[in-house]
Structure formats: C-alpha cells, structure tokens
2 protein chains.
Amino acid sequence: MIDRDKFLKAKKNMLDEDTIFNVSNLYKVFSDETRLKILNILLDNELCVYDIAELLDMTHSSISHQLKVLRDMKLVKAHKHGKNVYYTLIDDHIERIIKIGVEHVNEK
Amino acid sequence: MIDRDKFLKAKKNMLDEDTIFNVSNLYKVFSDETRLKILNILLDNELCVYDIAELLDMTHSSISHQLKVLRDMKLVKAHKHGKNVYYTLIDDHIERIIKIGVEHVNEK
DNA sequence: ATTATATATGAATATATGTTCATATGTGAG
DNA sequence: CTCACATATGAACATATATTCATATATAAT
C-alpha cells in the first residue's frame, strides 16, 4: 500500500454490503439473454407467456421460469385474462438500463 | 396467440441477437459483487491490485482474476508504476450504470 | 546476486443457474 | 363433465463461473 490518504478516501466511498448485494442481484437479471429479451419485448407491449415463448422461439416452461425470476425481483407484474397471463413492466429503471447497455455496446 | 398486430409489432421491436449477447455480457460484469465493488472503488480513485485487495479484504489472486475480466471487457485500463499496477476506469457508462442500480435498490 | 514484494495466470474445485422434462393447476370450449 | 390449452413449478442435468492453490514473472531493496 502506498498512499494512506487515498486508501482511506476510497474506503469511505465504498458502498455498504447490502447495496452491493442488491445491485449485483439487479444486474444479474439483465445478464441473462432470455430475461433481457423478455424485458425488452415488454418495454413496448403487454404480452402473455404464450406470445413471449413464440417470439423468442423457446419453450413455455423456460419462459415461465424466467418470468418467475422477474416477478420475484418485482420487475414485472402479471394479470390474468381468461386462460392467458399477461405481463407488464413495473419499473421505469428497466428502460434506462437497457438503453444504456445498448448505447454502450453500440459505441464499440 | 391472441392479437396478430401486437405480436408483429413486438417482433419488429426486438433487439438483434448480437446486441442481446453483448448487453447481457456487459451486465454480467455488474452482476458479481466483487467486480461491482472494484468498479465502484475505481470511480473515485486510481488504485493498485494490492490496495483493492486490502479494501475488499480478499486475496490478491481473486482481485487479479476479476481485474482481468474487467480488462477483457475494456472497462478498466492498467498502467505500471514500479512494482505496482494501477487501474483506472475507461468507460463513462460505468458510473451511470452503478448510479441507476443504487437508485433502483434504494427505492424499495 | 539474492530476497522480498506485487501481480498474473492456469488448473482444480465448489457453487450457481438456465433449460428440459414431467407433472400439476386452472380456465374455456364442446 | 371432459378435453384441450395456457401457465406454473419441482427435480434433474448440464454448463458457467468465482475462488483457491500453486506457480510464474517482474521489479525493488538489501
């Protein structure tokens, strides 16, 4: 260690463990291609599991599992209409997070 | 499937596979607690591996491995000074991404 | 030159996680 | 009421990945 002042300043600005845990968990959601696709689709639309599975060309089971993750993270909400369950986004951070990500990778 | 127009509109707005892949990989970086801590520390400071390991109370090896991930993702750059290797952030998206994440989890 | 220090890295291990498969639940149609 | 359809979910499996351990490299100090 070289500079004691710099070291202490850095220590002071560290985020607490809870915040780190929660933020990393939030971004874990966006780190999976399937979930990212689902969230991006739901930006513009309210869709049911069946439609999402069709759009992504994946099994309904797989989509359903991932929607559960998104529900648990309180990023989407569901409402039933007949046999179908329609999903919509809850959080307005989602759009910003996707936009920044896309912006970032497009700059390369 | 219920609404053909809605379905087609959704299909049109889907991100291409490359973008999805790259964005998910970007957020994979932020989904690990150690990497998130490192990036957050580097927001305000230029620090060497030794300091980072001390601050996070982790092995130098572990930190070094994660710094390699960050280098490979072109989020940090390194410059040598004597025995030490100092790391700094390359990208200005990093701060925005961390800030939105923190903002999100603090709202709950 | 030799030793100590800082960093990097490959291999191994343990853990986390996404998909598949089987099955259950709930709803509308006939 | 029975059947088909949409969704949910637990278990199993395969894969990805973070840390540890051992070791290598580079530089500074003595």
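Each chain gets a letter, A, B and so on, in the order the sequences are listed, and its residues count up from 1.
Residues passing the side chain to side chain donor-acceptor pair (under 3.5 Å) test with B:Lys68 are B:Asp72, sequence neighbours excluded. For B:Lys11, there are no salt bridge (Lys or Arg N to Asp or Glu O under 4.0 Å) partners, not counting sequence neighbours.
Listed pair B:Asn84 / D:dT27 fails the phosphate criterion, with no side-chain N or O lying under 4.0 Å from OP1 or OP2. Taking only side-chain nitrogens and oxygens, A:Tyr87 never comes nearer than 4.0 Å to OP1 or OP2 of D:dA6. For B:Tyr50 and C:dA8, the shortest distance from a side-chain N or O to OP1 or OP2 is not below 4.0 Å.
Sorted by residue number, the members of residues 76-83 of chain A with any non-hydrogen atom under 4.0 Å from DNA chain C read A:Lys80, A:Gly82, A:Lys83. Of the residues in residues 9-22 of chain B, not one places a heavy atom less than 4.0 Å from an atom of DNA chain C.
Note: A:Tyr86 and A:His81 have perpendicular aromatic rings, judged against thresholds of 30 and 60 degrees for the angle between ring planes.
Rounding to whole angstrom units, CG of residue A:Leu67 and C1' of D:dT9 are separated by 13 Å. The CG atom of A:Asp57 sits 10 Å away from the P atom of C:dT20 (whole-angstrom rounding). With rounding to whole Å, A:Tyr86 atom OH is found 13 Å from C:dT27 atom C1'. In this structure, A:Leu56 places its CG atom 12 Å from P of C:dT20, rounding to the nearest Å. Taking atom CE of residue A:Met73 and atom P of nucleotide C:dT17, one finds them 11 Å apart after rounding to whole Å. To the nearest angstrom, C1' of C:dG18 lies 15 Å from NZ of A:Lys68. The CD1-P distance, from A:Ile63 to D:dC5, rounds to 20 Å in whole Å. We find that CD of B:Glu33 is positioned 12 Å from P of C:dA16, with the value rounded to whole Å.
Within the model, atoms CD1 of A:Ile52 and CG of A:Asp57 stand 14.0 Å from one another, a figure rounded to the nearest 0.5 Å. Within the model, atoms CD of B:Glu95 and CG of B:Asn40 stand 9.0 Å from one another, a figure rounded to the nearest 0.5 Å. Rounded to the nearest 0.5 angstrom, A:Ile97 CD1 and A:Leu36 CG are separated by 10.5 Å. The CD atom of A:Glu46 sits 9.0 Å away from atom CG of A:Leu42, with the distance rounded to the nearest 0.5 Å. Remark: A:His93 NE2 to B:Glu107 CD distance equals 4.0 Å, nearest 0.5 Å.
The listed nucleotides are C:dT9, D:dT7, D:dT9; the one nearest the side chain of A:Arg71 is D:dT9.
Residue A:Asp44 comes nearest to B:Lys9 through the heavy atom pair O-NZ, 3.3 Å, listed as atom of the first residue, atom of the second, then distance.
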Can you list, pair by pair, the side-chain donor-acceptor contacts under 3.5 Å of residues 58-66 of chain B, counting residues two or more places apart and other chains?
residue: B:Thr59; atom: OG1; partner: B:Ser62; partner atom: N; Å: 3.1
residue: B:Gln66; atom: OE1; partner: B:Arg35; partner atom: NH1; Å: 2.9

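At a cut-off of 3.5 Å, with distance as the only test, a side-chain donor of A:Thr19 or A:Asp16 sits close to an acceptor on the other residue. A donor-acceptor contact closer than 3.5 angstrom is absent between the side chains of B:Asn45 and A:Lys6.
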Quick tally for nucleotides 18-24 of chain D: nucleotides whose base has a protein heavy atom under 4.0 Å get B, sugar-phosphate-only ones S, the rest -, giving SSBBB--

